[in-house]
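See structure below.
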Amino acid sequence: MASAALHLGAGAATLLRPRLWPFALGAVALNHLVLTATGLWPKSRLLGPNWTRLPADSACRGEVAITIDDGPDPEVTPRILAQLGHYGARASFFCVGERVERYPELAREIVRCGHSIENHTQRHRHTFSLLGPRAIQAEIARAQDSIARVTGVSPRFFRAPAGLRNPFLEPVLCRMQLRLATWTRRGFDTVSGNADVVYRRLVSSLQGGDILLLHDGHSARTVAGAPVVLEVLPRILDAAQSRGLKPVTLQQAIDP
Ligand SMILES: [Zn+2]
């Protein structure tokens, strides 16, 4: 709204005092620069509420959230479920709607194992942050429908592809009663196949309240050709266990 007011003000100033047009144009350009920069910074809160850590109560209980994006994936997801099950840990899967439709049994298995599925758009378009309000709404609503139809459970959290967004997102999330969640730390496990590096990025200062980002879809491969997430996740679960931290879903962080 502040941005809309600035545009109107700049227009009015130019009409009343035509000589002021360079200043009006400069103000509008600066406004767009700030909005764009903020949208390119996933952890920013300038465009609306954004979970970059779990709420204080949850952090005090020693809870951490492992979030796993871009699946379900027929090769990787079942093995992640087995690893989580071995440790009795819960995770939040930010799934892509059309992949949930392609692998419905896998999506139902995620929920059966006690994890939650959250909304990561219907198609995971890399142009998501360039879309207007109606297209943003459509991407999120279609994913919400796909996930609810397949699993019987509606997501309560949303994460944008690559965490990139624009000012039109927050009003849509607000209408759909979805919370935006990003992360405290990410391992860049779609880019780096080096399990040690990914592990250190995520766990170097692990503490209660952290939200960690990993991927079951688009996982980078180790030199041996294995999805890197499968080597990193058990080490993270070990580290959490040895520090007395409990991996929970984002929803459990609100409703223990
Ligand atoms: Zn993603």
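Counting starts at 1 for both ligands and their atoms, in listed order.
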**Message:** Parallel, tilted or perpendicular: which one describes the rings of His7 and His32, with boundaries at 30° and 60°?
**Reply:**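 If you compare the ring of His7 with that of His32, the planes turn out perpendicular.
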
**Request:** Write the atom name of the N, O or S atom in Asp70 that is nearest the Zn ion (ligand 1).
**Result:**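 Relative to the Zn ion (ligand 1), the closest nitrogen, oxygen or sulfur of Asp70 carries the name OD1.
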
**Asked** Within less than 2.8 Å of the Zn ion (ligand 1), any N, O or S from His120?
**Response**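 True for His120.
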
**Metal proximity, His215 vs the Zn ion (ligand 1), N/O/S cut-off 2.8 Å** =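 No, outside the cut-off.
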
**Message:** Can you confirm whether or not the ring centre of His215 sits under 6.0 Å from the ring centre of His120?
**Reply:**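 No, ring centres 6.0 Å or more apart.
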
**Flag for Ser3-Asn31: side-chain donor and acceptor within less than 3.5 Å** =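 Yes.
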
**Prompt:** Quick one: do Glu101 and Arg149 make a salt bridge, cutoff under 4.0 Å?
**Reply:**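 Counted as a salt bridge, because a side-chain N and a carboxylate O are separated by less than 4.0 Å.
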
